[in-house]
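Quick notes on the structure that follows.
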Amino acid sequence: MSILEALRRVVVDESLETAVAAVDWALHTGRIDEFDCEQLILMLPRYKRGIRSWVDGRSESLPESLARVRLQLRGHRVEIQVPLGSKRIDLVVNGVVGLEINGKQFHAHTFEEDHLKAIEVTIAGFHAMSVSAKMVFAQWELFLTALETVLASYARADVGNSGDLTACAVRRPRFRET
């Protein structure tokens with residue numbers, strides 16, 4: 001079975017978040033390119049072709065893809081791989097939360113660097129949050145409660161004299177180096 005056929009099966013048979021993560025992975029790792037991705041979309045039944053708008057090959061890991069899709073399904077605006085000097089923030093949620101998703105396997109040796117990055121994310125004007133890949137898989141609701149608590153506190157802080165919550169656009173970072 002070719003990789004395109006395997007991905008087609010995943011998209012047809014699995015949940016949106018699983019399907020997106022599989023196609024993200026294939027793009028990110030170079031197993032398929034953009035042309036292959038378009039071929040995949042054409043191989044899908046019409047009702048499944050909307051997955052194209054969800055796929056992003058810049059996603060660097062399974063938990064990043066899962067978190068991005070889950071958050072977007074809840075109506076959050078999610079930017080991916082946001083520049084921060086010479087580094088990148090995994091996900092920025094609603095322009096407020098700079099979210100890093102770290103797996104023990106790949107981050108055990110970067111303990112100090114990861115903490116420094118959290119400080120840099122804060123200085124850039126975001127609320128820094130870091131979760132483990134395991135939390136994305138097994139404690140999603142706990143993380144989501146924390147994230148939505150943070151977002152609600154920023155919304156309350158941004159309410160002007162009118163008290164109109166729809167007018168409280170997310171706080172913009174003070175600077176973003178590129």
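What you are looking at is a predicted structure, and each value in this text was computed from that prediction instead of being measured. Position 1 is the first residue of the sequence; numbering continues from there.
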So ring-ring contact (aromatic ring centres under 6.0 Å, His included) across residues 128-153, not counting sequence neighbours, yields W140-F143
On a heavy-atom basis, which atom in [X] and which in [Y] lie closest, and how many Å separate them?
X	Y	value
V23	I32	CG1-CD1, 4.4 Å
A128	A118	CB-O, 3.5 Å
A22	V10	CB-CG1, 3.8 Å
G57	L27	CA-CB, 3.7 Å
H76	L151	CE1-CD1, 3.4 Å
V55	V20	CA-CG1, 4.3 Å

Run the salt-bridge test on [X] and [Y] with the 4.0 Å N-O cut-off and return the result as yes or no.
X	Y	result
E79	R77	yes
E38	R52	yes
R8	E5	yes

Would you kindly confirm whether [X] and [Y] end up in one hydrophobic cluster when ILVMFWY residues are joined by side chain heavy atoms under 4.5 Å apart?
X	Y	result
M43	V12	yes
V69	L71	no
V121	L116	no

- [ ] For R68 and D24, run salt bridge (Lys or Arg N to Asp or Glu O under 4.0 Å): C-alpha distance rounded to whole Å, both residues' side-chain angles, the deciding distance at 0.1 Å, then the answer.
- [x] CA-CA 11 Å; R68 185 184 86 241; D24 282 356; 2.9 Å; yes
Donor-acceptor pair, [X] side chain versus [Y] backbone, under 3.5 Å?
X	Y	value
N94	V96	no
K48	V11	yes
R49	L42	yes
R88	V82	no

Residues 11-22 vs salt bridge (Lys or Arg N to Asp or Glu O under 4.0 Å), sequence neighbours excluded, gives R9-D13, E17-R70
Measure the shortest side-chain to side-chain distance between S132 and N102 over non-hydrogen atoms and say whether it is less than 4.5 angstrom.
no
